[in-house]
Amino acid sequence: MGDFQTHEHDVLVIGAGGAGLRAAIGAAAVEGCSVGLVCKSLLGKAHTVMAEGGVAAAMANVDERDGWETHFADTMRGGQYLNNPKMAELHAKEAPARVHELEEWGALFDRTQDGRILQRNFGGHAYPRLAHVGDRTGLEMIRTLQDHGIHQGLEVYMECTVIELLKDGDRVVGAFGYDRERGRFRLFKAKSIVLATGGVGRAYKVTSNSWEYTGDGHSLAYHAGADLLDMEFIQFHPTGMVWPPSVRGILVTEGVRGEGGILTNSEGKRFMFDDIPELYKDSTADTPEEGWRYVTGDKEARRPPELLTRDHVARCILKEVSEGRGSPHGGAFLDIAWIKEKIANSEEHIKKKLPSMYHQFKQLANLDITKEPMEVGPTTHYVMGGVRVDAETQMSTVPGLFAAGEVAAGLHGANRLGGNSLSDLLVFGKRAGEYAAQFAQENGGGKIDDAEVDALAKAALEPLERDGDGENPYEIQRELQEMMQDKVGIIREDRLMKEAIDDIAKLAGRATKATAIGNREYNPGWHTALDLKCLLTVSEASARAALERRESRGAQTRNDFPDKDPDDWGKHNLLIRKGADGAMEVEKVPVVPQTEQQKKIIKDNQ
């Protein structure tokens, strides 16, 4: 075997965002457990910081009617009942304790008048449920988890990318990667591995996701033999920046709408009142006045239509644009400045509640959100699909391989509610870490095949050995992103998705000839060439699953199948797995059934 830097741990956590940090802390709490934490970027730079609005937990600090049952029912309804109900129940029950735990570790939250954690309204949630720190909640969460985690004896490997999982028989026993700074290979030996690598947004042209989100964990799990679930469901957040072009796709938090922001078209019309889904008609305001009363705490009022689920709001914005009523740069107007009609000191109020949004627009778009409306449009934000895991342990279908956070599937179904991502990563990050440590204690270390490791190193160096004589990896990535945006985007149809699958196959062929000029040190061209495998894998999985699901539901909208199919597709999920011949297979499986108690809770909270 080559001369690689070798590291050995009981538990290896790949990804150091909220889920990865919480998993590492959970594993390290088990006595005698050695934990390694791999970051693709620097510690503290994870994409979790972009989750601005808050963490969803039914603590009932603002509205005493809230409880885990309502949170569970909201999550199931938002996911169009394709969720794993056991995961949704565990999440709703355990989220409050995880938020209080963060507070004990030093997290600062905004406060109610009597000193409790303040909670705000968010789309799809029946009551004010999101614990928050202005609009910087994700940043506070990462700061707290990082500060707490580094004192738990973790070994942190920063700026390191994992390119393959290693197996001994059926179980995972290690990982192979490289450090981005010097290009040196690293071999990790582990008794169990937790994937916490986030999402797939960099497969699309317009995205709120940071550069790390190339689908690494999804791809690693798939090629290791794990099942992927719900890969057709890509969430397009309705409000990303659209102007100037250099900042297109950067997230505009849902917290703007939770604080009273409204969506209008070029005619000044508040268009969201024109299209309210049947499922939400009884819980949505009839008038702007009722909507305002709701966001200011009137418990008798119903939510404004701007706080409907993200998939629906995104489609409504697209409709306005396609019918010629969009904003000058192809979006809609999001206006929080209008609250000056209701609040005397509105400018200071907005700056206090939405400090990041104020600075973001002031610095990047030269626009003052306290005085003018923002231009916003849909941006690729989150993938509901991911590694299929056991609801309680978070172990995948591959023994010893666990997943938590965005890379795992099951909790969100066809569409995620805002704020549920942060509570998801806390609840299931903790569980994944603890059960991974338990697995490590119960199973010894496996054997790593030296010849396999040597072959992986040789393959990884091939782009450099072509010395510029081959395909440009940046060009392949750009073509993939544009194609996915156009053919597997918000609105889908049979012909375009079949074209996309063909295009992906052609791009995969070109990727085998990708080349990078220079040596292994500080070489982003080489890094991009190695990322292509992940991007192409998740793109194919999404396209194949979206083609197979012949209905519109949640984040999947098809022109050729515009309606839901409750009798068939409403009762099935789609699995993606690697076949024995190496080809991608799609399997239709029944949804996880709800218990009688769960059915009653959903009925009681309609």
Side-chain angles (χ1 to χ4, degrees), residues 1-16 20 23-24 27 33-40 155-157 160-180 183-197 214-228 387-389 394-404 407-408 432-433 435-437 439-462 527 530-534 537-538 577-580 582:
M1 186 171 71
D3 184 21
F4 309 130
Q5 289 186 306
T6 302
H7 313 279
E8 193 161 351
H9 297 283
D10 295 318
V11 177
L12 181 70
V13 180
I14 303 173
C33 185
S34 165
V35 181
L37 179 64
V38 176
C39 320
K40 194 172 181 179
E155 189 74 31
V156 182
Y157 304 92
C160 179
T161 299
V162 172
I163 56 177
E164 197 82 22
L165 298 179
L166 305 171
K167 295 173 70 179
D168 180 6
D170 289 336
R171 63 171 284 205
V172 292
V173 293
F176 184 72
Y178 64 93
D179 73 69
R180 302 177 72 86
R184 295 165 297 196
F185 291 121
R186 293 181 183 264
L187 175 62
F188 297 94
K189 297 179 179 180
K191 297 172 185 174
S192 63
I193 292 177
V194 180
L195 295 173
T197 52
T214 49
D216 297 16
H218 293 74
S219 178
L220 290 169
Y222 168 81
H223 289 291
D227 289 348
L228 302 183
V387 181
R388 183 191 193 188
V389 294
Q394 296 298 104
M395 188 159 77
S396 72
T397 50
V398 173
L401 181 62
F402 298 75
V407 72
Y435 281 103
F439 183 94
Q441 287 183 330
E442 295 170 355
N443 296 270
K447 180 172 174 23
I448 288 175
D449 184 342
D450 292 349
E452 180 188 2
V453 176
D454 287 336
L456 289 170
K458 184 175 183 296
L461 291 172
E462 286 178 358
H527 304 162
L530 296 179
D531 284 342
L532 290 175
K533 177 182 177 181
C534 301
T537 298
V538 297
R577 63 169 62 96
K578 192 173 186 177

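The backbone N or O of Ala403 sits less than 3.5 Å from a side-chain atom of Gln394, completing a donor-acceptor pair.
Asp450 CG to Phe4 CZ: the interatomic distance, rounded to the nearest 0.5 Å, is 9.0 Å. The structure places NZ of Lys191 at 7.5 Å from CD of Glu8, a figure rounded to the nearest 0.5 Å. Rounded to the nearest 0.5 Å, atoms CD1 (Ile14) and OG1 (Thr197) are 8.0 Å apart. Atoms CD1 and SG, on Ile163 and Cys534 in that order, are 9.0 Å from each other to the nearest 0.5 Å.
In this structure Glu452 satisfies the side-chain contact (heavy atoms from CB on, under 4.5 Å) test together with Leu166, Asp449, Leu456, sequence neighbours excluded. For the ring pair (Phe, Tyr, Trp, His ring centres under 6.0 Å) test, residues two or more places apart in sequence or in another chain that qualify with Tyr178 are Trp526, His527. The salt bridge (charged side-chain N to carboxylate O under 4.0 Å, His left out) check on Arg577 picks up Asp227, Glu587, with sequence neighbours excluded. Shown here are the side-chain contact (heavy atoms from CB on, under 4.5 Å) partners of Ala436, two or more places apart in sequence or in another chain: Val11, Ser192, Val194, Phe402. For Leu401, the side-chain contact (heavy atoms from CB on, under 4.5 Å) partners at least two apart in sequence or on another chain are Leu165, Val172, Ile193, Leu195, Ala221, Ala226, Ser396, Val398. Take Lys40 and apply the salt bridge (charged side-chain N to carboxylate O under 4.0 Å, His left out) test, not counting sequence neighbours, and it matches Asp216, Asp531. Under the rule for a side chain to side chain donor-acceptor pair (under 3.5 Å), the partners of Ser34 that lie at least two apart in sequence or sit in another chain are His9. In terms of the side-chain contact (heavy atoms from CB on, under 4.5 Å) criterion, residue partners of Ala16 (sequence neighbours excluded) are, by chain and number, Leu37, Cys39, Leu43. For His7, the ring pair (Phe, Tyr, Trp, His ring centres under 6.0 Å) criterion is met by Tyr157, Phe188, not counting sequence neighbours. For Phe439, there are no ring pair (Phe, Tyr, Trp, His ring centres under 6.0 Å) partners, not counting sequence neighbours.
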Worked check of side chain to side chain contact (heavy atoms under 4.5 Å, CB included) between Phe176 and Ile448:
CA-CA 11 Å; Phe176 184 72; Ile448 288 175; over 6 Å; no
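Nearest heavy atom pair, residue Val38 against residue Cys160, reads CG1-O, 3.5 Å. Of all heavy-atom pairs spanning Leu12 and Ala190, the tightest one is CB-CB, 3.8 Å.
For residues 162-178, the set of pairs meeting the salt bridge (Lys or Arg N to Asp or Glu O under 4.0 Å) definition, not counting sequence neighbours, comprises Glu164-Lys533.
When side chains are defined from C-beta on, Arg186 counts as touching Asp179, because their heavy atoms get closer than 4.5 Å. With contacts defined as side-chain heavy-atom distances shorter than 4.5 Å, the pair Thr161/Leu530 does not qualify.
Only one option out of Val407, Thr537, Val387 pairs with His218 in a side chain to side chain contact (heavy atoms under 4.5 Å, CB included); it is Val407.
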